[in-house]
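Notes follow once the structure below has been shown.
Here the structure is a predicted model, which is why all the values come from computation and not from measurement.
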Amino acid sequence: MSRIATPSATWLALTLLMGVGSPLAAQTADARRPQATRAELEAALEELERVIGSSGYSKSFRQAREAEAKLVKQRLSEGDFQVGDQITIAVYGEGTLTNTFQVLPGRVLSLPNIPPVKLDGVLRSEVGDHLTEVIGRYVKDPQVTIQGSMIRLAILGAVGKPGYYTMQADLLVADAIMQAGGPSSNIDMDKSQVRRRGEEVITGEEIQRAIEAGLSLDQLNLHGGDELVLGGGGGNNNSNIGGRGGSWRNWFWPIQAAVSLGFLLTRIF
């Protein structure tokens, strides 16, 4: 049974700053940013397909990229918004249109005094322009700002507070797990997965790499209704792992600190 090894915060910070790390980290971080544009997703898909068709990678690695490519294709085709997701909109001078609205069955957004707005095929990066165009049919020259885009996820398994959560799409995977009470001490990433409509779409290994690389929910291609299931029993978050002393939670915070440091320094420089 494989458990996550305790990482070095210093090593992880250097990895993030220098762009060195797992193949997934390098490809995903370089190819996409949170709330990626259609062009960025198409470029990422092209790179994934190149890797899939290359004999220079292991079979298991290419299979993982095939699964990722499938999720990217789904995003490009269906869009990012699912029933239960939320969008916080501000329309200058229009108080009734400035609010947080939930995506309803049929993937529509119900705005005051405006017919239902369809979101089929719309990416998070496109929703501002899409709503500006729709609202512009009823409001002259609207100034639309998207202040938040939230997805509704189930975080289950070996976490302190399993349940459904509505979270910002650009929230780090690590932070999402911490919001669900943090990981249990006996977490087993080999048994972790992301399920979509009852089917495993992301493995525990990919989840662990996403945490190490500082990826967001959006970058992991999660969407509303997905279940992030962390393997292992409930356990006590303060118990020791493998007799080493210190819980999973104790070393999880250095990951967050290193990721935040890398992000901050990239913003500064």
Side-chain angles (χ1 to χ4, degrees), residues 1 3-4 34-35 67 71 74-75 78-88 99-110 119 124 147-239 241 247-253 255-257 259-260:
M1 182 172 66
R3 300 186 186 277
I4 304 178
Q35 303 203 31
L71 297 182
Q74 188 174 32
R75 289 183 68 178
E78 299 181 4
D80 282 331
F81 296 98
Q82 305 294 322
V83 176
D85 291 351
Q86 297 179 7
I87 306 174
T88 301
N99 208 335
T100 297
F101 300 93
Q102 183 167 306
V103 179
L104 303 176
R107 293 192 201 176
V108 299
L109 208 60
S110 180
L119 296 177
R124 277 183 280 274
Q147 297 182 326
S149 176
M150 286 75 76
I151 59 178
R152 188 169 184 265
L153 299 172
I155 302 182
L156 308 173
V159 290
K161 297 184 291 184
Y164 277 89
Y165 292 85
T166 299
M167 299 176 165
Q168 289 282 358
D170 58 2
L171 183 70
L172 298 183
V173 176
D175 288 342
I177 294 171
M178 294 307 298
Q179 285 194 19
S184 300
S185 62
N186 57 348
I187 189 170
D188 181 1
M189 292 306 292
D190 284 348
K191 296 180 180 177
S192 299
Q193 60 179 290
V194 172
R195 294 196 301 245
R196 181 172 297 173
R197 304 181 186 119
E199 175 186 356
E200 181 185 66
V201 294
I202 300 174
T203 66
E205 182 180 6
E206 301 300 305
I207 297 169
Q208 181 176 347
R209 286 176 175 171
I211 292 171
E212 293 170 350
L215 301 187
S216 67
L217 302 175
D218 183 77
Q219 286 176 302
L220 194 55
N221 293 306
L222 298 185
H223 75 199
D226 285 351
E227 298 177 345
L228 172 56
V229 185
L230 298 182
N236 180 348
N237 283 346
N238 293 320
S239 61
I241 298 178
S247 69
W248 207 99
R249 179 190 294 269
N250 289 341
W251 68 260
F252 199 76
W253 284 109
I255 287 183
Q256 291 182 293
V259 168
S260 299

Taking all heavy atoms of [X] and all of [Y], pick out the closest pair and write down the distance.
X	Y	result
Ser110	Leu104	CB-CD1, 3.7 Å
Asp80	Arg124	OD2-N, 2.9 Å
Val83	Pro105	CG2-CA, 3.6 Å
Tyr165	Ala180	OH-CA, 3.5 Å

Approximate separation, where rounding is to 0.5 Å, of [X] [atom1] and [Y] [atom2]:
X	Y	atom1	atom2	answer
Leu172	Met178	CG	CE	12.5 Å
Tyr164	Glu227	OH	CD	5.0 Å
Leu71	Asp226	CG	CG	8.0 Å
Leu230	Gln208	CG	CD	11.0 Å

Backbone of Arg152 reached by a side-chain donor or acceptor of Asp85 within 3.5 Å: yes

Flag, side chain of Asp218 to backbone of Gln35, donor-acceptor distance under 3.5 Å: yes

Between the side chains of Arg196 and Glu199, is the shortest nitrogen-to-carboxylate-oxygen separation below 4.0 Å, so that they form an ion pair? no

Using side-chain contact (heavy atoms from CB on, under 4.5 Å), reason through Ile87 and Phe81 one step at a time and then give a plain yes or no. CA-CA 9 Å; Ile87 306 174; Phe81 296 98; 3.5 Å; yes

Apply the test salt bridge (Lys or Arg N to Asp or Glu O under 4.0 Å) to residues Glu212 and Arg209: give CA-CA distance (whole Å), side-chain angles for both, the deciding distance (0.1 Å), then the verdict. CA-CA 5 Å; Glu212 293 170 350; Arg209 286 176 175 171; over 6 Å; no

